[in-house]
Amino acid sequence: GAGVSQSPRYKVAKRGQDVALRCDPISGHVSLFWYQQALGQGPEFLTYFQNEAQLDKSGLPSDRFFAERPEGSVSTLKIQRTQQEDSAVYLCASSFIEEGGETQYFGPGTRLLVL
Amino acid sequence: AQSVTQLGSHVSVSEGALVLLRCNYSSSVPPYLFWYVQYPNQGLQLLLKYTSAATLVKGINGFEAEFKKSETSFHLTKPSAHMSDAAEYFCAVRGSARQLTFGSGTQLTVLP
């Protein structure tokens, strides 16, 4: 079946612009996670949802970052007043509980460049 | 709290040689451990995972990893490297929280 999809794949923004990044999880996956991957680093957790409920947003770096999943499927990560330090790849993952535990399946990411 | 340390940000091996990528973790609870591979401009693909069923875990593409609790390690190995194995590899741990904590990654280069 189809995997996790993300759009756009690439986004260039001028400093101060707002951006919205979309994630379409695997159908039926209840949990959805957002990670930020800076150049040359491992992904770092931002936030996660179970259905439409945002259960943990402890990784969001500032109040300029906002995520939603209103119908428990598609999720949007919004960054307001972008700054150069927001430049990174934003990865979305969805998961379900299977034999042997929970596995997160990742999308291809959105590469954000803030000029 | 949990953390992952990957020793060696860059590893080079010859084609056909043994691949060994090191991962040490810390976790306050029995961990779930994962290895992911990332090809350029792509997302993360799961190679294998440890969930306490067996200490030696076999994954895709001939990779395997052994969980050693006494050493808090979960090193990734492959007996014979192939050119297509060139990529970045990430070790990750999940403890009491739902999210994954990743290491900083190891870039594997395979020399002809």
Side-chain angles (χ1 to χ4, degrees), chain A residues 2-10 21 23-26 29-51 53-60 67 89-111 113, chain B residues 1-10 21 23-25 27 29-60 65 67 87-107:
Chain A
V4 178
S5 61
Q6 294 185 244
S7 60
R9 290 293 314 277
Y10 303 92
L21 313 180
C23 173
D24 282 85
I26 295 172
H29 281 199
V30 171
S31 299
L32 185 148
F33 300 78
W34 284 99
Y35 293 85
Q36 180 190 58
Q37 185 177 19
L39 189 63
Q41 301 295 319
E44 293 190 353
F45 169 75
L46 294 176
T47 184
Y48 93 90
F49 294 83
Q50 187 151 307
N51 296 305
Q54 189 174 21
L55 298 186
D56 188 338
K57 54 182 181 179
S58 61
L60 296 176
V89 175
Y90 291 85
L91 294 167
C92 175
S94 67
S95 74
F96 73 105
I97 306 296
E98 58 188 348
E99 182 178 351
E102 178 181 25
T103 299
Q104 294 185 22
Y105 296 89
F106 284 80
T110 294
R111 186 176 298 272
L113 177 62
Chain B
Q2 56 221 27
S3 66
V4 172
T5 302
Q6 292 184 240
L7 295 177
S9 59
H10 291 84
L21 305 182
C23 172
N24 288 88
Y25 71 92
S27 176
V29 300
Y32 290 91
L33 294 159
F34 304 80
W35 275 100
Y36 285 87
V37 61
Q38 187 174 38
Y39 297 98
N41 298 318
Q42 295 187 25
L44 301 171
Q45 179 183 3
L46 180 70
L47 278 178
L48 49 79
K49 63 180 180 181
Y50 167 75
T51 59
S52 78
T55 56
L56 182 63
V57 182
K58 295 187 183 298
I60 62 171
F67 173 70
E88 187 146 27
Y89 292 79
F90 292 95
C91 181
V93 63
R94 189 177 75 239
S96 54
R98 293 283 303 281
Q99 61 266 32
L100 298 176
T101 299
F102 287 86
S104 56
T106 297
Q107 182 68 46

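Below, chains carry the letters A, B, ... as their sequence lines are ordered, and counting in each starts from 1. Please read all numbers here as calculations on a predicted model, not as lab measurements.
The candidate with the highest count of non-hydrogen atom pairs below 4.5 Å against chain B, out of A:Gly109, A:Gly59, A:Gly42, is A:Gly42. Among B:Leu46, B:Leu100, B:Val4, the residue with the largest count of heavy-atom pairs under 4.5 Å with chain A is B:Leu100. By number of non-hydrogen pairs under 4.5 angstrom with chain B, the leading residue of A:Gln37, A:Arg9, A:Arg111, A:Gln50 is A:Gln37.
Proximity to chain A (any heavy atom under 4.5 Å) is shown, for B:Gln99, by both the backbone and the side chain. Residue A:Thr47 does not touch chain B at all, counting heavy-atom pairs closer than 4.5 Å. Looking at A:Glu44, there are no atoms closer than 4.5 Å to chain B (heavy atoms on both sides), in backbone or side chain. In this structure, chain B has no heavy atom under 4.5 Å from any part of A:Gln6. If you measure heavy-atom distances from B:Gln6 to chain A, you find no contacts under 4.5 Å at all.
Aromatic ring pairs are classed by plane angle as parallel below 30°, tilted from 30° to 60° and perpendicular above 60°; the pair A:Phe106 and B:Tyr36 is perpendicular. The aromatic rings of A:Tyr105 and A:Phe96 sit parallel to each other, their planes meeting at less than 30°, with 60° as the upper class boundary.
For the atom pair CZ (B:Phe67) and OG1 (B:Thr51), the distance works out to 11.0 Å, reported to the nearest 0.5 Å.
Here the closest non-hydrogen pair linking A:Leu32 and A:Cys23 is CD1-SG, 3.9 Å.
By the side-chain hydrogen bond (donor to acceptor under 3.5 Å, both in side chains) test, B:Arg94 is found to be paired with no residue, residues two or more places apart in sequence or in another chain being considered.
Aromatic rings of A:Phe33 and A:Phe49 (six-membered ring for Trp) have centroids beyond the 6.0 Å cut-off, not under it.
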